[in-house]
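What follows is a single structure, written as structure tokens, with notes after it.
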Amino acid sequence: MASKRVSGDVVIGADLARALCRISFELNRQVGLLIHRSGKIESVIVGTFGGIMIPPLSLIRSTGGRLKGLRLVHTHLAGEKISDEDLMDLLFLRLDLLSVLHVTDDGLPGMLLSSHLLPQEVEGKNWSFLDPVHPANQKESFSTLISELEAEFSRKGTEKDISRRKDRAILISVTTDSKSRAEESLQELVDLADSDRVQVLETVLQRSRKINPRLILGKGKLAEIMIRALQLDANLLIFNQELNPSQVRSITDFTELRVIDRTQLILDIFAHRAMSREGKLQVEMAQLKYMLPRLSSRDDALSRLTGGIGARGPGETKLEIDRRRINDRLARLTKELENVTSERFRRRAKRRKKDLPILSLVGYTNAGKSTLLNTLTDSNILAEDKLFATLDPTSRRLRFPKDIEVIVTDTVGFIQNLPGELLQAFNATLEELGEADLLVHVIDISNPCFRDHMAVVEKLFEELQLKDIPCLKVFNKIDRVEDPELLIKDVEKEGIVVSALERETLIPFLQQAQDLIGKTLGR
Ligand SMILES: Nc1nc2c(ncn2[C@@H]2O[C@H](COP(=O)(O)OP(=O)(O)OP(=O)(O)O)[C@@H](O)[C@H]2O)c(=O)[nH]1
Ligand SMILES: [Mg+2]
């Protein structure tokens, strides 16, 4: 039977249907055929009287379309209709068609019932049934039906967006946090995705008291997401929490979609943004460190879903590379990084000799640090509405009204749950903050979560042992606040309110910064 081919125009040929029914009848078990679109029979499956189990399909080549390119035709011995389990197979395996062939009491073919996926929900259902037909009497062309379906799926996909180079993602957050906190955190994930040029198709927020340790979400919810992914033509799931390797594998296996977590997304942004030699080395190091404990699971879970974030590791070596080679690479990187860093230290030491005080701009990502540096020093460094626009530290001179000259430095921004790998890798950059004479903590007051962001930054100050350096808080972007009076009242005792885009608003800041620097210089 397995050597036969099925014509593209019928779901199953009449002869083959007869053979299938006879075998099924004799065995008194359901028997199924997985048939490739080419007509080739991929496998013959023997089930029990009441059910059938499909073997893992991931090894079977997909046709590259949105459907798997395989249909399942299997017998039902007791005249049962297409069951919920059958439909699950259709949905999860993205079968072209799921068909049930009734076996009559004489072991002959009865009616053929078929179901297929729909590109768009109809009355809340993602599938539909074809009219029952006797296998000897099939009139509708199967291949026409499938190519029309594929075309419709892809039209629905492209309607949403055209750019095929972009990843198309569904963002998922499962959390025990409060609603508002959960929403804010998810919004940040959306911003991160935007900053990485990932197209966000949909967000899923689920608050629950207990998180499924294997799949994060419940199976039912994950199934729903998978169906959405199919409808929206998503190719990526991004989770807001850190996933361990076996979770990534389970979810990938379950959904057949690429799965990454927040850390990987941030690492990817960094990888795109690093410009300097040091920055690139630091990012590669962080990526390797992240990858190392996850190596064993990458092969099976990720290698067949190639390309894009997560697979786009540092360099050409990514998947086959073994632990030892990564460790070698890490050792070499560490050395190189030491060299680059010490060179920077030497350059800096020279600068220090001139004894110019250092004013370091620090703060949450996107707070406006680079913009402030630009306005203060008439510079033109990159500042944009993206998270982690700045990775490489920049320094500029600034002359205060009282003729004190300082060096202003701008550096990488902070974020909540900054991946530990990055924190480690950027250690040298962040250590440099320890040499500042004045830290200027830039805060985006137009962001409703600015208090949370301040807390994140202050906690990092502690971890980086910066607590003893004088710190001036600057509440930025006041021009974006609709009703500024109340907010100003709330924060004016803590720091200075400015708009980095409007030079005039910076005068009180300059005054205060000058005073504080003067104090540290003993003037
Ligand atoms: N309306 C308004 N927008 C501002 C102000 N300051 C900065 N921005 C905008 O905020 C966005 C982020 O500014 P950046 O200066 O890049 O922020 P950053 O702190 O350097 O951010 P990263 O380098 O990504 O950590 C940009 O689009 C700026 O134009 C301000 O005072 N008012
Ligand atoms: Mg910046």
Side-chain angles (χ1 to χ4, degrees), residues 187-197 265-276 278-279 282-283 359-396 398 408-419 422-423 426 429-430 432-433 436 439-450 452-454 456-458 460-461 464 471-484 487-488 491 495-510:
Q187 181 52 47
E188 187 168 87
L189 191 70
V190 171
D191 292 343
L192 283 167
D194 281 345
S195 301
D196 204 30
R197 299 192 4 101
L265 182 61
I266 294 177
L267 284 171
D268 201 62
I269 297 175
F270 273 58
H272 283 140
R273 302 234 143 203
M275 293 295 171
S276 70
E278 189 176 22
Q282 286 167 324
V283 173
L359 183 161
S360 288
L361 301 172
V362 282
Y364 210 77
T365 182
N366 211 40
K369 302 177 292 296
S370 302
T371 308
L372 186 58
L373 178 125
N374 281 339
T375 309
L376 283 174
T377 66
D378 271 328
S379 306
N380 199 10
I381 66 167
L382 177 80
E384 54 181 337
D385 197 8
K386 278 190 175 156
L387 306 191
F388 301 113
T390 309
L391 278 200
D392 299 315
T394 313
S395 301
R396 292 283 186 278
L398 168 68
V408 184
T409 69
D410 173 33
T411 185
V412 56
F414 298 162
I415 196 165
Q416 51 188 329
N417 310 322
L418 190 68
L422 275 178
L423 208 54
F426 277 76
T429 308
L430 295 171
E432 206 179 310
L433 291 175
L439 294 174
V440 172
H441 180 178
V442 183
I443 299 144
D444 175 359
I445 199 175
S446 74
N447 189 317
C449 326
F450 78 93
D452 287 338
H453 293 178
M454 285 171 73
V456 168
V457 172
E458 274 159 14
L460 276 162
F461 279 179
L464 296 165
C471 179
L472 176 57
K473 290 196 183 84
V474 171
F475 295 93
N476 187 30
K477 304 199 195 180
I478 191 65
D479 59 292
R480 284 189 65 190
V481 177
E482 248 179 49
D483 190 9
L487 259 186
I488 292 179
V491 301
I496 293 169
V497 180
V498 306
S499 164
L501 294 175
E502 295 162 27
R503 190 182 298 273
E504 326 76 73
T505 69
L506 299 181
I507 294 167
F509 160 72
L510 281 171

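All of these numbers come straight from a predicted model, not from anything done at the bench. Whatever order the structure lists them in is the order used to number ligands and atoms, beginning at 1.
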Check your understanding: Could you give the distance from CZ (Phe475) to NE2 (His441), rounded to the nearest 0.5 Å?
Key -> 8.0 Å
Practice item. From atom 12 (C) of ligand 1, work out which of Asn366, Leu361, Leu391, Asp444 has a heavy atom at the shortest distance. Key: Asn366
Check your understanding: Is the closest basic N to carboxylate O distance between Arg503 and Asp378 below 4.0 Å?
Key -> yes
Review point. For ligand 1, which atoms sit closer than 4.0 Å to a heavy atom of Ser499?
Key: 30 (C), 31 (O), 32 (N)
**Study point:** Identity and distance of the protein heavy atom lying nearest atom 3 (N) of ligand 1
**Key:** Leu501 CD1, 3.5 Å
Check your understanding: Angle class for the Tyr364/His453 ring planes (parallel below 30°, perpendicular above 60°, tilted otherwise)?
Key -> parallel
Review point. Any N or O on Val498 sitting closer than 3.5 Å to an N or O of ligand 1?
Key: no
**Study point:** Short N or O distance, Thr390 and ligand 1, threshold 3.5 Å exclusive
**Key:** yes
Practice item. Mind listing the closest non-hydrogen atom pair of Gly279 and Asp392 along with its distance? Key: CA-OD1, 3.7 Å
Point to revise | Per-atom contacts of ligand 1 with Lys386, taking only distances under 4.0 Å to non-hydrogen atoms | key: 24 (O)
Check your understanding: Which of the atoms in ligand 1, numbered in the order shown and given with their element, are less than 4.0 Å from a heavy-atom of Gly413?
Key -> 25 (O)
Point to revise | Nearest option to atom 9 (C) of ligand 1, as decided by whichever heavy atom of Lys369, Lys477, Glu384 sits closest | key: Lys477
Exercise for review: Confirm or rule out an N/O/S atom of Ser370, from backbone or side chain, lying less than 2.8 Å from the Mg ion (ligand 2).
Suggested key: yes
Check your understanding: Which residue and non-hydrogen atom of the protein lie closest to atom 17 (O) of ligand 1, and at what distance in Å?
Key -> Gly368 N, 3.1 Å
Practice item. Identify the heavy atoms of Ile381 and Ser370 that sit nearest to each other, and give their distance. Key: CD1-CB, 3.8 Å
Practice item. Output yes if Thr390 passes the N/O/S-under-2.8 Å test against the Mg ion (ligand 2); output no otherwise. Key: yes
Check your understanding: Can you tell me which residue and heavy atom of the protein come closest to atom 1 (N) of ligand 1, and the distance to 0.1 Å?
Key -> Asp479 OD2, 2.8 Å
Practice item. Report, in ascending order of atom number, the atoms of ligand 1 lying under 4.0 Å from any heavy atom of Phe388. Key: 24 (O)
Review point. How far apart are the C-alpha atoms of Asp410 and Lys369, what are their side-chain angles, what is the distance that settles it, and do they pass the salt bridge (Lys or Arg N to Asp or Glu O under 4.0 Å) test?
Key: CA-CA 7 Å; Asp410 173 33; Lys369 302 177 292 296; 5.5 Å; no
Exercise for review: Find all atoms of ligand 1 within a distance of less than 4.0 Å from any non-hydrogen atom belonging to Arg480, and give their numbers and elements.
Suggested key: 1 (N), 2 (C)
Check your understanding: Is a side-chain N or O of Ser360 found less than 3.5 angstrom from the main chain of Leu433, in a donor-acceptor match?
Key -> no
Review point. Does ligand 1 have an atom that lies less than 4.0 angstrom from a heavy atom of Gly363?
Key: no
Check your understanding: Quick one: which of Thr365, Thr371, Thr394, Leu387 has a heavy atom closest to atom 28 (C) of ligand 1?
Key -> Thr371
